[in-house]
Structure formats: C-alpha cells, structure tokens
Amino acid sequence: MKKLLLFIVFFLILVFSFRKETSAFVMYQSSYAIGDEVTIQGTGFGSYNDYSYLCFNNEEDCLDYNSEEILSWTDNSITFTLPRIADNGLNRGRLTVYKGDIKLQSRVEVDSGSFNIHPSIYHVYHGDPSDEFEVSSITSYEKITLIGEGFGDEEGYVYFGPRAATIESWNDRQIRLKVPEILNDLSSFTVKHHNEEFEYPFPAYTDITDDPYSGYQRYLISLEYHDFIKTLNQLTNVTVAIIDTGVYINHPDLRDNIWVNNSETIGNDQDDDNNGYIDDIYGYDFLNDSPEMTTVGGHGTAVAGIIGADRNNSIGIAGLSSFVKLMSLIACSEEDGCPTDAVVEAIYYATDNGASIINLSLSSYMTTGYSDDFNEAIAYAYDRGVLIIASSGNGDVEGKIGQSLSLIPQSPVCNDNEKNMVLGVGSSTPDNKYISKWSNYGECVDIYAPGEKILTTTVPAYSMYEGFFGYGTGTSFAAPIVSGIAAIILSAHPHLTNVEVQNYITENTINGVVNPKKIFRKIKEDHGKSYKNSKSPILTSDDEGGLEEQFNPFDDFDNDFKNYTAIIALYKKNIINGYDDGSFKPNNTINRAEILKIIVESRGVEPIVEKYNNCFEDVKDEWFAPYVCYAKEQGWIEGYTDGTFKPAQVVNKVESLKMLLEIYNVSFDETNVNNTSFLDINTSAWYWKYVSKAYSLGIIEETGSFLIPDAGMTRGSFCESLHRLTK
C-alpha cells in the first residue's frame, strides 16, 4: 500500500513538473531565410541530448542531437540555423520542440499563428539558367530566371514598381518570368510571397577593369585584385607554358598574348631554330607529334584566360597578368587524358624554349595515379629555374569528395623529388574561407585558391556565352590563378628565382589561401618597389632648413596625392598607421570609431584598455572601445537615446568639423555672418558656425563654391583638416 501511495505521489509530481515546464516560446521575426540563425526562447526545453528534437510541420522533418544546424540548446533558449527540410521546400507552418517523448508545444504563435520562410535570391540569369551567365542589369520585356529558395510552390507575384511580371514558371527554388516595362529610376523588384513583400535590388556587378565581363569574375574581388594590381609596375613579359588541350590562338581576348617562336619560319617544313621541332611557331602538339595547334578541347583555353586574357582591352574578361606570353603545348585530350610521355616531353620543351612558369592543370582520379616517370622532367625544369604549378585534383569518383594526397599521392602534383619542386594548388570556396569539399588536400598541396565558378575564356565550340566565354569549376582553375600571380611577381621582379617566388606565395597566405596583397607587401619590404608610387627620392626642406628624403609608407597612393603631406605628417607623429595590408585607403569615408581614434591619439592620449570599455550598448571590448569610452568620459561625445554609439556610422563633412573643433576647444565667434565662399551653406543651419570657423582657420581643403556638407568625410580629407589645425 505504501509503495502504491509513493508511486501515485511520484506520478503526480512528475505530471505537475511537466505541466509546469511547458511554456509557449517566442520567435522575434515573422519571416526567416534559409540559412538564417534563429533563436526561440521559453522554458522547459531541457538539456540537449539524444532525445532532443526540433520538428517542422510534422514529425518527419526534424533536427536531432546530431544535426549541425543546432547551435545551442538550453532549458530557456534554442538557437539553430534554419535548414532546408525537404526538396519541395519549407514555406510556412509550425515549429515543435520535443523533449524525450513529451511534446512541449504544438504551434508557434507568431504572426497569427504561423511563421514564414521568405525568399532568398542567389542568382539572376538571362533567359535559361543553363547559360550560367548572370545579368548585370535588367531591361524591359526580357526573360530572366531568379534562382534561390523559399519562393514556395504556390505561385506568387513579382513586381517591377507597380507593374507585375508575367510568370512563366514558379517553384520553391526558381522563378522564370518576363519583365514588364520598367519605369525610370527603378532600382529594385519585389517578390510577393504569402501576402508578404520582399524587396531585392537589381543585380549590378561593377566592372573591375575596362573589360565588360570583369564584374562577373568574382574571384578577382575575393583576391582584392584591383587594390594590388593598380599599385604594381609590371616591367617585362613572362612566358607561361600551358600543358593542356591547347590554347585557342585566335581568341579575341588571348591572341595578343600568345607566345610566338620568332626563330621559326612557319610552313617551310624545316627546324629553323634547331630545337628539334619543325614549324613550332605557336607551340607543339605532343599527342600527335605535330605543329598543328588546333585545340582538342576547351580546357587549355580556359586555363589560359585566367592567367593572361588581355586586360583593359574592352573585350571579355581580365587576365591576372597582361605582361605574359601564353605558350600552348598540347599533351591532353578529352578522349585520351594526359599521357605521361606527352606531358614529360612538353615539360622539357617548355624549359628549353624560355618558359619561366609551367602550369599543369591535370591530375588523375585513380588510386594508382602516381608515377615516378615525371620525376626527371620536373627536376630538369626546377634545376633550370622554372616554377612548376600543378592542380591537386578534384577528389575521388566514388565519393565525390576530396581525397588526401598524403594517403593517395597523384602525379604530377606529388612529384616533388623530396625538394618541393611542384607548387600544388587546391581549390577554396568563393569566399576564400574553406577548402572546396571536392578538392584534394594533403602534403602535396601547398596553397589554395578560388576554384568554383570561374568565368574565363573558352573555344567557341565549348562556349556557354557569346562564343568565347564560360564558367569552369575545379582545381584546374585554381592553379592558373596562382600561375597568374606568379607571372605578375616575375614581371615586376624578374630577378627573383623560382624558389623565391614559390616561397613568397606559400608563406604569405591567409589560412592557407593565396593572398596577393600580402605577397607583394612582403616582396616590397625585402626587395624595394617595382611600384607606381616608387619614384626616385625627392628632397624637400625640413623644419630646420635642411633637406630630407620624401617617402611613402603606403602602397595605395602616390607622392603627388593631394593629401600626401598631411597623411605623412600624421604618420611620422604616430597618429595614424594605416592597415595591415600596407594601404591607407585615403579615399574611403571615415566612420565614428576611426575618427575618434585619430583625434584621441592626436591629443597624445593612449587610453588604458582595461579602464575604457563597455561604455555603450554597441561599444564593449572592440579595438575602438578605449578611444570611444575615453572621449565619452571627457564629455566630447554623447550616444544616441537608445544607448548606442553606432561606431561604424559614416561621419559627414560638417559632423567631422564639429568633432574636431570641439575636442580641440576652439572658441567660436557667434557673429552670424557667412564668411565662406560656399553657396550650399546656410547661416541658419546648425553646422554653420563650425564651417565658418573652420573656413577662417584655413582647415577646409575645398576652395570652390560648394562644400556638400552631407557628403561623407574621407580619411585623407580628415587628415588634411587635422594636420592644418595642429601644425
């Protein structure tokens, strides 16, 4: 009887405790995108274990204890990444939390009892997405395809301003439509989904160079190509041998950079230069022992474009180096692969005929893909100063994942002869943060470079777009990125050896991914400049009437830049230092955190980190916290009514003048007279007295009729005002 009573009491306590634990939970948005981080809060979720589940709409589509999407799970809060649950998409519905066999809540009470997954647009294509060429702008009446997810299977609407598009097909991941007439100044379109509207800007890719498709070369952006290439002064042409399926020598974006053997007379059936090959004026076909250079596939042309498509010629794409000659050597075909003897003979030919770099975008899928037969040729080239760059390969056929070359070596990337004679290149994701899941890795791989969806040149027969261009994915397209960077190095610094170039590339990475800006900064430190702002020393008068040598520690502006004197003066006083990549970015706008750091340091103050922090909701222990918190203590700044400081907010011209003058305790003349020449400054404006005072002190660099007070203050212009005020 006692046991029965004890059991009943225990059961009631258990039931009461479960009822007590059950609590409605809260989500803070009504709509999320696939991949968004979501947090729900409530009570009684319990500890995270094998019996913990988050289920969407039914008990089959669930996240469990082994799901990577679950980021944290406590009794009061669960944070997870919203997943794609089913092929037909998860659009709206209820979210259920399970603890063991106890269902805690059956419905999410958000937005009238439902939560939505809103559309996410990843790509916009002209017409059929199989073209894989994204639009740079949208025009009236054209057909486009929106690629993304979360559109839902129930057809919705797409509006361009007030006008609805004609929907041709609609599913959760793709919308095909005909654009209506677009009214003037329209810059976005709207997808209406479950009575909610989501606005998206028109896709707009800014050209990186004068080449019309350079904006689609996303890998150039991830490499920060524009920032480093504009500072380099390439001096000499570098010959890069491409041992592959051949390079289409009549390609309009390649033909000016094709290597030509000028010692050979074409068509006379003689070996004019006595190199052992007859009529090899544009290279040689080692598969067929022939000087006929008709390509046997599009692969070699794609590799060539990445390295050396002509830059700023208003055609196609931008190659990494325009100071390059592309030596086409055919040793591979789609039918026969890359026979070892053909590749070996091509390596000898490239070495003996002036190549400085050999690109080998070839590898084997097999577990028996290694051969010592490459060793002698690779050693021959390496010992004669040639840099050999090879792709790591694209994983195994069965698993569709990368394989370890430490476990399963392959040729030629692993034929290092115990001296690391081959620079092995694997593929990184477009954001340069991770290794592509299919890329080979291991001890034969020295570096990674972008290798996914690389826009490049191709043979018309293999083209995806306009006859000459297409996309490629694979380590075959990561290797030529490194070859192109190596060509730039040798063009700017031809005295460097192959070993030195390889070391500069592999020792100056970010998490193993190639980083040109770090490479060139290190070379500049070690060997001086081949840079456009590297001029002969200029002697200028110093404060004592003597002469001093003018210099520039930054590599992104010349010595004749308008704010050069101010920036260098502040640099010498240790008030500014620039960025880790060697730049100062004088034309970038300055934000609230940056401006306070410069002003505080100009006052000779170095705030104590341990003392000055956590002074605003958005100022905790970041790099700028000591400067912001010190300025707050001094009464120089105030935050916003919501308790924030907004450190990343851009400071405009008049705001920067106000901060500068007030922090330096400049006294003001309250006479309401406009003593400036600016037509856009009203004496009734709040900032008039600051502009008027700054103008009278001569610290404003503008001398024309307009100040444009709301324009963002640039870093260089602020240095100019600070320098003039404090000198």
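Hydrogens, waters and symmetry mates are skipped; everything else that's a heavy atom, side chains included, is used. Since the structure is predicted, the reported quantities are computational estimates derived from the model, not experimental observations.
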**Partner set under side chain to side chain contact (heavy atoms under 4.5 Å, CB included) for D253, not counting sequence neighbours** = H251, A309, D310, N313, I315, I317, T457, F469
**side chain to side chain contact (heavy atoms under 4.5 Å, CB included) evaluation trace for Q174 with Y125** = CA-CA 11 Å; Q174 177 176 298; Y125 294 120; over 6 Å; no
**Request:** May I ask you to decide if the ring planes of Y284 and Y349 are parallel, tilted or perpendicular, using 30° and 60° as cut-offs?
**Result:** parallel
**Asked** Are any of the side-chain heavy atoms of N563 and F584 separated by less than 4.5 Å?
**Response** no
**Request:** Return yes if some donor-acceptor pair links the side-chain N/O of S222 with the main-chain N/O of Y219 below 3.5 Å, else return no.
**Result:** yes
**Complete:** The reported gap from OG in S483 to CD1 in I388 (rounded to nearest 0.5 angstrom) is 11.0 Å
**Request:** Can you sort out the partners of V650 under side chain to side chain contact (heavy atoms under 4.5 Å, CB included), two or more places apart, ordered by chain and number?
**Result:** T589
**Prompt:** Is the backbone N or O of C332 less than 3.5 Å from a side-chain atom of T245, with the two atoms forming a donor-acceptor pair by type?
**Reply:** no
**Request:** Working to the nearest 0.5 Å, report the span between OG of S356 and CD1 of I489.
**Result:** 12.5 Å
**Prompt:** Would I266 and Y282 count as a side chain to side chain contact (heavy atoms under 4.5 Å, CB included) if you check the C-alpha gap in whole Å, the side-chain angles of each, and the deciding distance to 0.1 Å?
**Reply:** CA-CA 9 Å; I266 194 168; Y282 295 117; 4.2 Å; yes
**Item:** Inter-residue atom distance N503.CG - L423.CG, 0.5 Å rounding
**Value:** 9.0 Å
**Message:** When you compare the side chain of P516 with that of E224, does any pair of heavy atoms fall below 4.5 Å?
**Reply:** no
**I347/V386 under side chain to side chain contact (heavy atoms under 4.5 Å, CB included): CA gap, chis, key distance, verdict** = CA-CA 10 Å; I347 292 173; V386 178; over 6 Å; no
**Item:** Any side-chain heavy-atom pair of F286 and P339 under 4.5 Å
**Value:** no
**Request:** Decide side chain to side chain contact (heavy atoms under 4.5 Å, CB included) for V158 and W170; before the verdict, give the C-alpha distance in whole Å, the side-chain angles of both, and the deciding distance to 0.1 Å.
**Result:** CA-CA 11 Å; V158 179; W170 183 302; 4.1 Å; yes
**Exercise: do N171 and S169 side chains pair donor with acceptor under 3.5 Å** = no
**Asked** Side chain of S428, backbone of Y448: donor and acceptor closer than 3.5 Å?
**Response** no
**Prompt:** At what distance, to the nearest 0.5 angstrom, does OH of Y471 lie from CD of Q217?
**Reply:** 9.0 Å
**Item:** Minimum-distance pair of heavy atoms, taken over all atoms of S361 and A479
**Value:** OG-CB, 3.8 Å
**OG-CG distance between S436 and N394, expressed to the nearest 0.5 angstrom** = 9.0 Å
**Prompt:** Hey, does F189 have a side-chain heavy atom less than 4.5 Å from the side chain of V179?
**Reply:** no
**Request:** Evaluate the ring planes of H493 and H495, with Trp represented by its six-membered ring, and classify them as parallel (under 30°), tilted (30 to 60°) or perpendicular (over 60°).
**Result:** perpendicular
**Asked** With sequence neighbours left out, what residues match S333 under side chain to side chain donor-acceptor pair (under 3.5 Å)?
**Response** none
**Message:** Can you classify the ring geometry of H299 versus F477 as parallel (below 30°), tilted (30 to 60°) or perpendicular (above 60°)?
**Reply:** tilted
**Prompt:** Are any non-hydrogen side-chain atoms of L220 and L320 less than 4.5 angstrom apart?
**Reply:** yes
**By side chain to side chain donor-acceptor pair (under 3.5 Å) - contacts of K143 (at least two apart)** = E168
**Item:** Donor-acceptor contact present, side-chain N440 to main-chain S392, <3.5 Å
**Value:** yes
**Asked** How about E334 and V296: do any of their side-chain heavy atoms sit closer than 4.5 Å?
**Response** no
**Prompt:** Would you say S491's side chain and A487's backbone share a donor-acceptor pair under 3.5 angstrom?
**Reply:** no
**Message:** For R163, give me all partners under salt bridge (charged side-chain N to carboxylate O under 4.0 Å, His left out), at least two apart in sequence or on another chain.
**Reply:** E181
**Asked** If you round to the nearest 0.5 Å, how far is CG of D285 from CD1 of I330?
**Response** 4.0 Å
**Complete:** Across all chains, not counting sequence neighbours, the side chain to side chain contact (heavy atoms under 4.5 Å, CB included) partners of N312 are T209, D210, D211
